[in-house]
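Input: one structure, supplied below.
What you see is a predicted model, and the numbers here were worked out from it, not measured in a lab.
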Amino acid sequence: MKVLVTGSAGFIGGHVVEALEAAGHEIVRLDVREGADVRDATALDRLLPGVEAVVHQAAKVGLGVDVSDLPDYASVNVYGTAVLLAAMARHAVGRLVLASSMVVYGEGAYSCPEHGPVRPGPRSVADLDQGRFDPTCPRCGAALRHEVIGEDAPPDPRNAYATSKLAQEHLAANWARQTGGTAVALRYHNVYGPRMPRDTPYAGVAAIFRSELEAGRAPRVFEDGGQLRDFVHVRDVARANLAALDTPPPPGTLTAYNIASGTPHTVGQMAYALADARGGPRPQVTGGYRLGDVRHILASPAKAGDELGFRAEVKFTAGMKEFAWT
């Protein structure tokens, strides 16, 4: 199959290209690093003839620094996706695999002993300043138990990046309904692995910790280090894209999947795993926080396993040992 991969020179995009080529697909590349911007309709019109499917990885990523980032997130992620979808319609390209994110959920799933399943709102500055990091029941204030979240959970984006990823999903669903195309949104959880970007305020936490360790500094862990995440290796993410391309949903629809390992770890555990692999220094738990962060998010990858046949293969300990030195 002839496949256009946007963001083809990026961290995840590069691994996706390798996986698709290994499976025998013909790849057309689009990446701003190579002079082609997803917002450039002329470039898309040049690249799309003969393409049968698009794997859309191009995006501005990360939590963001402050509100000055809003125009870039809207321009690259939202407007760029709209330009791409319009070009796909012009060239009758009917299959899309979209890189989405677990950030569309906001906080993960929780249950209250008295009120059952609840979705807590954003954590308050007052609570965070006092070191009260875990959300409480919005009805009675009781401590909550974190649960596994599925794709049917209502979205609750809490930063510019999250809002832009949800907008991408909505645009892709609009495109699918209006053109009869098929769209898959892969909601990546915390992706890590070789060639991960580093030394930028938009880098992922794993890359930031590794950069600190390489410089001989202790990784600085926010909050109390107890934030639960699902760390999924980039080679597994690339395999998920291949599976989504091989198993399209019914025409006219968008289907979302959690792409995760299914085995959560805390941010503190991840920092210690990297420090152990490199021989220190030991992480420093700071008690600091970022307002856009959520406390816990645990994913169920069951739907991706059942419908796409995707199951993560890289185990946390082995993946972190490799990542610590690559």
Side-chain angles (χ1 to χ4, degrees), residues 11-12 15 61-63 99-111 119-120 133-135 144-153 155-159 161-162 165-166 169 184-194 196 203-210 221-241 243-244 256-274 290 292-324:
F11 164 48
I12 298 175
H15 286 275
V61 299
L63 181 64
S100 187
S101 173
M102 57 90 175
V103 295
V104 301
Y105 297 120
E107 278 288 349
Y110 293 86
S111 64
R119 294 298 301 276
F133 300 121
D134 286 295
L144 297 175
R145 181 177 63 196
H146 46 75
E147 306 281 358
V148 173
I149 199 162
E151 291 85 353
D152 58 350
D156 185 18
R158 298 191 177 182
N159 57 61
Y161 174 62
K165 297 309 286 185
L166 183 59
E169 290 195 18
V184 173
L186 301 179
R187 291 175 176 167
Y188 302 159
H189 286 252
N190 288 70
V191 185
Y192 73 98
M196 191 175 186
V205 65
I208 293 170
F209 288 170
R210 185 184 60 180
V221 180
F222 282 172
E223 302 186 17
D224 59 2
Q227 311 93 300
L228 278 166
R229 298 290 187 271
D230 190 305
F231 297 97
V232 59
H233 197 278
V234 68
R235 288 196 296 272
D236 283 328
V237 170
R239 290 178 45 252
N241 278 269
Y257 297 98
N258 285 326
I259 303 303
S261 73
T263 306
H265 292 82
T266 68
V267 172
Q269 287 173 329
M270 185 265 288
Y272 276 98
L274 291 175
R290 299 187 302 179
D293 281 339
V294 298
R295 179 59 174 171
H296 303 303
I297 182 158
L298 289 70
S300 169
K303 183 179 176 183
D306 292 343
E307 298 184 10
L308 300 181
F310 167 77
R311 291 172 179 82
E313 296 178 350
V314 180
K315 302 301 182 184
F316 177 81
T317 301
M320 287 296 168
K321 284 182 178 178
E322 176 200 26
F323 175 62

**Message:** With no hydrogens and no angle check, just 3.5 Å: does a side-chain donor-acceptor pair link Y188 and D236?
**Reply:** no
**Item:** From CG (N241) to CG (L186), nearest 0.5 Å
**Value:** 5.0 Å
**Item:** Point-to-point distance, once rounded to the nearest 0.5 Å, from CG of L308 to OH of Y257
**Value:** 4.5 Å
**Message:** For H189, run the side-chain contact (heavy atoms from CB on, under 4.5 Å) check against D230, I259, L298 and tell me which one passes.
**Reply:** D230
**Prompt:** Would E151 and Y105 satisfy side-chain contact (heavy atoms from CB on, under 4.5 Å), going step by step from the backbone distance to the final call?
**Reply:** CA-CA 9 Å; E151 291 85 353; Y105 297 120; 3.9 Å; yes
**Prompt:** Which distance, rounded to the nearest 0.5 Å, do you find between the NE2 of H265 and the CZ of R229?
**Reply:** 14.0 Å
**Request:** Please report the shortest heavy-atom distance between T266 and G225, naming the atom on each side.
**Result:** CB-O, 3.3 Å
**Message:** Parallel, tilted or perpendicular, judged at 30° and 60°: which one describes the rings of F316 and F231?
**Reply:** tilted
**Prompt:** CG of D134 to CG of L228: how many Å apart, nearest 0.5 Å?
**Reply:** 9.0 Å
**Item:** Residue pair F209 / V221, side-chain heavy-atom distance below 4.5 Å
**Value:** yes
**Message:** So that I can tick it off, tell me whether R235 and E313 are bridged by a salt bridge, with the cut-off set at under 4.0 angstrom between side-chain N and carboxylate O.
**Reply:** no
**Message:** With a 4.5 Å cut-off on side-chain heavy atoms, are K165 and R187 touching?
**Reply:** no
**Item:** Side chain proximity check, F11 to V237, heavy atoms < 4.5 angstrom
**Value:** no
**Request:** Would you name the heavy atoms of A244 and V184 that are closest together and state the gap between them?
**Result:** CB-CG1, 3.9 Å
**Message:** Could you report the tightest heavy-atom contact between M196 and V191, atom names first, then the distance?
**Reply:** CE-O, 3.3 Å
**Prompt:** S111 and E147: which non-hydrogen atoms are nearest, and at how many Å?
**Reply:** OG-OE2, 2.8 Å
**Request:** Using atom types as modelled and distance alone, determine if a side-chain donor or acceptor of N190 lies under 3.5 Å from a backbone N or O of G204.
**Result:** no
**Asked** Under 3.5 Å, side chain of R311 to main-chain N/O of A304, donor-acceptor pair present?
**Response** no
**Request:** Might you confirm whether atom NZ of K303 has over 12 heavy atoms from other residues, nucleotides or ligands at distances under 6.0 Å?
**Result:** yes
**Message:** To the closest 0.5 Å, what do you measure between NE2 (H146) and CZ (R295)?
**Reply:** 8.5 Å
**Asked** F133 versus Q227: any side-chain heavy-atom pair under 4.5 Å?
**Response** no
**Asked** Which distance, rounded to the nearest 0.5 Å, do you find between the CD of E223 and the CZ of R290?
**Response** 9.5 Å
**Prompt:** Which atom pair, heavy atoms only, marks the closest approach of A185 to S100?
**Reply:** CB-CB, 4.2 Å
**Side chain proximity check, Y110 to P135, heavy atoms < 4.5 angstrom** = yes
**Asked** Which pair of heavy atoms, one from A206 and one from Y192, lies closest together, and at what distance?
**Response** CB-CB, 4.2 Å
